[in-house]
Chemist: 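This structure is in structure tokens; I'll ask about it shortly.
What's counted below: heavy atoms across the whole structure, side chains too, no hydrogens, waters or symmetry copies. Being a predicted model, the structure only gives us computed values, none of them experimental.
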Amino acid sequence: QATDDAAKHEQSRKDHIIAENQKAREILRDQPEEAFREFASYLESQGETVTVRHNWEDANGPWIGVDVSDRRGLIMDVVLQARIGAVEPKWFWVYEYGGNRRASREEEIPSSDAVLSKQSVIESLAGRYQKASANRR
């Protein structure tokens, strides 16, 4: 009986994680993904080379990201990642420098901002882009 209970508990835990990851993917595929695509489109119209990328199955949680390059090289690599928390998904901005995952920085988005509007994502991306651009000059 104890073995059966443990197996049921483990399966329940796995089902919960799968459901939470699915919820996080759905949230990312809504306004945040639109925001990344709109931001990329704007930068492309300004002459930048932009790639929007994502990984819905990442072991740390689903994410969507953008790489921005100019003729001199990569100036911005930023990812919005959802991770499973005890009660709700936790959101992180992950900034990578020089194409090196070991040189990345993370900033957790406060839980009061857990519902990310398209506008707030665009504003965050624009702010990061301005900082990255200023550092390149």
Side-chain angles (χ1 to χ4, degrees):
Q1 182 64 34
T3 302
D4 287 346
D5 288 346
K8 286 178 185 175
H9 178 71
E10 180 62 19
Q11 187 58 49
S12 175
R13 188 185 69 76
K14 286 179 183 177
D15 290 346
H16 178 72
I17 289 172
I18 289 168
E20 288 293 317
N21 271 326
Q22 180 60 35
K23 179 178 160 186
R25 279 192 296 273
E26 289 170 7
I27 293 169
L28 274 173
R29 285 181 171 157
D30 190 22
Q31 291 195 46
E33 184 174 18
E34 282 182 44
F36 271 82
R37 296 201 184 285
E38 192 173 304
F39 180 73
S41 179
Y42 168 75
L43 289 182
E44 286 173 342
S45 76
Q46 301 299 308
E48 299 285 16
T49 301
V50 183
T51 303
V52 176
R53 56 197 177 80
H54 60 80
N55 184 345
W56 304 131
E57 306 300 328
D58 189 281
N60 290 326
W63 56 262
I64 185 162
V66 65
D67 292 336
V68 182
S69 303
D70 62 9
R71 281 180 241 120
R72 294 173 289 170
L74 183 67
I75 62 169
M76 186 173 98
D77 180 0
V78 62
V79 163
L80 175 62
Q81 185 168 48
R83 297 184 190 156
I84 304 309
V87 178
E88 60 191 18
K90 291 182 180 269
W91 299 94
F92 292 84
W93 285 108
V94 181
Y95 308 106
E96 185 177 319
Y97 298 93
N100 180 353
R101 288 257 176 242
R102 289 170 292 173
S104 65
R105 285 201 191 126
E106 294 184 356
E107 291 178 15
E108 184 173 357
I109 297 171
S111 59
S112 62
D113 299 340
V115 177
L116 300 173
S117 70
K118 183 168 111 174
Q119 187 62 36
S120 68
V121 172
I122 288 172
E123 288 170 4
S124 294
L125 288 169
R128 177 51 53 179
Y129 175 74
Q130 286 177 335
K131 286 179 187 174
S133 295
N135 290 341
R136 293 288 293 181
R137 291 184 187 135

Chemist: In plain terms, say whether Arg53 and Asp77 are close enough for a salt bridge, that is, a side-chain N and a carboxylate O under 4.0 Å apart.
Modeler: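 A salt bridge is present here (some side-chain N lies under 4.0 Å from a carboxylate O).
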Chemist: For Glu34, is there an ion pair with Arg37 - N to carboxylate O distance below 4.0 angstrom?
Modeler: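 Result for this pair is no, no salt bridge flagged.
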Chemist: Suppose we screen for salt bridge (Lys or Arg N to Asp or Glu O under 4.0 Å). Which residues come up paired with Glu38, at least two apart in sequence or across chains?
Modeler: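 With neighbours one apart ignored, the set is Lys118.
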Chemist: Does the side chain of Leu28 reach to within under 4.5 Å of the side chain of Phe36, using non-hydrogen atoms?
Modeler: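 No, every pair of side-chain atoms sits at 4.5 Å or beyond.
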Chemist: So which atom in Asn55 and which in Glu57 form the shortest heavy-atom distance, rounded to 0.1 Å?
Modeler: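 For Asn55 versus Glu57, the nearest heavy atoms are OD1-N, 2.9 Å.
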Chemist: Donor-acceptor pair, distance only, cut-off 3.5 Å: does the side chain of Arg25 make one with the backbone of Trp56?
Modeler: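 Side chain of Arg25 to backbone of Trp56, a donor-acceptor pair under 3.5 Å: yes, one is there.
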Chemist: Output all residues satisfying salt bridge (Lys or Arg N to Asp or Glu O under 4.0 Å) with Glu123, sequence neighbours left out; order by chain, then residue number.
Modeler: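 Listed in chain order: nothing, the list is empty.
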Chemist: Taking Trp93 as the starting point, is it possible to reach Ile122 by hopping between hydrophobic residues whose side chains are less than 4.5 Å apart?
Modeler: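 Result: no, two separate clusters.
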Chemist: Any chance CZ of Phe92 has more than 12 other-residue heavy atoms, nucleotides or ligands included, within less than 6.0 Å?
Modeler: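 Counting neighbours around CZ of Phe92, more than 12 heavy atoms of other residues, nucleotides or ligands fall under 6.0 Å, so yes.
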Chemist: Give the cluster check for Ile18 versus Trp63: same hydrophobic cluster or not, with ILVMFWY residues linked at side-chain heavy-atom distances below 4.5 Å.
Modeler: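 In one cluster with Ile18: Trp63, no.
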Chemist: Can you give me the closest heavy-atom contact between Ala35 and Leu125, atom names plus distance?
Modeler: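 Scanning both residues, the minimum pair turns out to be O-CD1, 4.4 Å.
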Chemist: Could you give me the CA-CA distance, side-chain angles and deciding distance for Tyr95 and Glu106, then say whether side-chain hydrogen bond (donor to acceptor under 3.5 Å, both in side chains) is met?
Modeler: CA-CA 6 Å; Tyr95 308 106; Glu106 294 184 356; over 6 Å; no
Chemist: Report yes or no: does Gln81 contribute a side-chain atom to a donor-acceptor pair with the main-chain N or O of Gly61 at less than 3.5 Å?
Modeler: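 Confirmed, Gln81 side chain pairs with Gly61 backbone.
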